[in-house]
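Note that the structure is a prediction, hence the values are computed from the model and not measured.
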Amino acid sequence: MIRMLDHTADVGFEVEAPSVDGLFEEALRGLLLVMFDAPPEGDGEEEREVRLSAPDLETLLVRWLNELIFLVQGEGFVPVSAEVRVEEGYSLLARLRGVPLDVGKYGWQGEIKGATFHGLEVVHRNGSLHARVILDV
């Protein structure tokens with residue numbers, strides 16, 4: 001589940017999933033909804049692998065989102081799906097499938113500077129993980 005958030009100078013979203021891996025996969029989808037009017041769907045033509053680590057889950061989520069932002073804005077690669085595995089010690093391995101960036105086709109919403117720690121929240125609630133993320137635009 002994804003819920004968009006209104007924020008004064010930035011934009012944010014909340015995601016919910018039954019697992020940590022699922023939460024990171026949902027965060028990708030939330031990010032794409034912020035970046036594009038009509039995010040690409042389906043199978044991607046290209047594959048990428050991402051490896052990250054962090055001292056805690058919140059920092060790992062921020063690093064994950066910032067890596068995805070870099071891939072889209074810096075390398076022109078839009079991940080449409082991800083298989084994410086987060087292991088103890090907060091290391092992440094993700095296999096991404098994606099498509100080349102086409103700002104006209106997907107309705108580019110403008111540059112995102114990055115995911116922030118402002119208002120960041122990752123909590124267990126009612127058997128699921130919930131995260132709130134604010135992006136600096």
Peer 1: Could you go step by step and tell me if Phe24 and Leu129 meet the side-chain contact (heavy atoms from CB on, under 4.5 Å) rule?
Peer 2: CA-CA 10 Å; Phe24 279 70; Leu129 273 168; over 6 Å; no
Peer 1: According to the ring pair (Phe, Tyr, Trp, His ring centres under 6.0 Å) rule, which pairs have a member within residues 74-110, sequence neighbours left out?
Peer 2: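 Listed once each, the pairs are Phe36-Tyr106, Phe36-Trp108.
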Peer 1: Looking at Glu47, I want to see if its CD is surrounded by more than 12 non-hydrogen atoms of other residues, nucleotides or ligands under 6.0 Å.
Peer 2: yes
Peer 1: Of all the heavy-atom pairs spanning Pro55 and Arg63, show the shortest one and how long it is.
Peer 2: CD-NH1, 4.2 Å
Peer 1: Report the distance from atom CZ of Phe117 to atom CD1 of Ile134, rounding to the nearest 0.5 Å.
Peer 2: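 Those atoms lie 13.5 Å apart.
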Peer 1: With a 3.5 Å distance limit and no angle check, can you tell me whether Asn66 reaches the backbone of Ala115 through a side-chain donor-acceptor pair?
Peer 2: yes
Peer 1: Hey, are the side chains of Met35 and Gln109 touching, using non-hydrogen atoms and a 4.5 Å cut-off?
Peer 2: no
Peer 1: Rounded to the nearest 0.5 Å, what's the gap from CD on Glu26 to CZ on Phe13? Could you check?
Peer 2: 10.0 Å
Peer 1: Could you report the tightest heavy-atom contact between Ala131 and Leu61, atom names first, then the distance?
Peer 2: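 Taking every non-hydrogen atom into account, CB-CD2, 3.9 Å.
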Peer 1: Using a 3.5 Å distance criterion without hydrogens, assess whether the side chain of Glu14 forms a donor-acceptor pair with backbone atoms of His130.
Peer 2: no
Peer 1: Show the nearest heavy-atom pair for residues Val50 and Glu67, with the distance to one decimal.
Peer 2: CG1-CG, 3.9 Å
Peer 1: Measure the OG-CD distance between Ser53 and Glu87 for me, rounded to the nearest 0.5 Å.
Peer 2: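 One gets 11.5 Å once the value is rounded to the nearest 0.5 Å.
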Peer 1: Indicate yes or no: at least one non-hydrogen side-chain atom of Leu60 is less than 4.5 angstrom from one of Ser91.
Peer 2: no
Peer 1: Which pairs pass salt bridge (charged side-chain N to carboxylate O under 4.0 Å, His left out) with one or both residues in residues 48-59, sequence neighbours excluded?
Peer 2: Glu46-Arg48, Arg48-Glu75, Glu49-Arg51, Glu49-Arg95
Peer 1: Closest approach of Asp10 and Val137, non-hydrogen atoms and distance?
Peer 2: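 Scanning both residues completely, I find the closest heavy atoms to be OD1-N, 3.7 Å.
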Peer 1: Does any part of the side chain of Leu96, heavy atoms only, come nearer than 4.5 Å to the side chain of Leu68, both counted from C-beta?
Peer 2: yes
Peer 1: Is there a side-chain contact between Leu120 and Val133 (heavy atoms, below 4.5 Å)?
Peer 2: yes
Peer 1: Flag yes if Val20 and Leu93 sit in one hydrophobic cluster, no otherwise; membership is Ile, Leu, Val, Met, Phe, Trp, Tyr, and two members link when side-chain heavy atoms are under 4.5 Å apart.
Peer 2: no
Peer 1: Report yes if the side chains of Val122 and Leu23 come closer than 4.5 Å at any heavy-atom pair, otherwise no.
Peer 2: yes
Peer 1: Atom NE2 of His118 and atom CG of Asp136: how far apart are they, to the nearest 0.5 Å?
Peer 2: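 Going from the NE2 atom of His118 to the CG atom of Asp136 covers 10.0 Å.
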Peer 1: Where is the tightest heavy-atom contact between Pro40 and Val78, given as atom of each residue plus distance?
Peer 2: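 The answer is CG-CG1, 3.5 Å.
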Peer 1: Mind checking the OG-CD spacing from Ser81 to Glu25? Nearest 0.5 Å is all I need.
Peer 2: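 Answer rounded to 0.5 Å: 9.0 Å.
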Peer 1: Are the side chains of Leu33 and Pro39 in touch, meaning some heavy atoms are under 4.5 Å apart?
Peer 2: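 Yes. Closest side-chain heavy atoms under 4.5 Å.
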Peer 1: Measure the shortest side-chain to side-chain distance between Ile112 and Leu65 over non-hydrogen atoms and say whether it is less than 4.5 angstrom.
Peer 2: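 Answer no - side chains too far apart.
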Peer 1: Would you give the length of the straight line joining atom NZ of Lys113 to atom CG of Leu135, rounded to the nearest 0.5 angstrom?
Peer 2: 12.0 Å
Peer 1: Looking at every non-hydrogen atom in both residues, tell me the closest pair between Val84 and Ala94 and how far apart they are.
Peer 2: CG2-CB, 4.0 Å
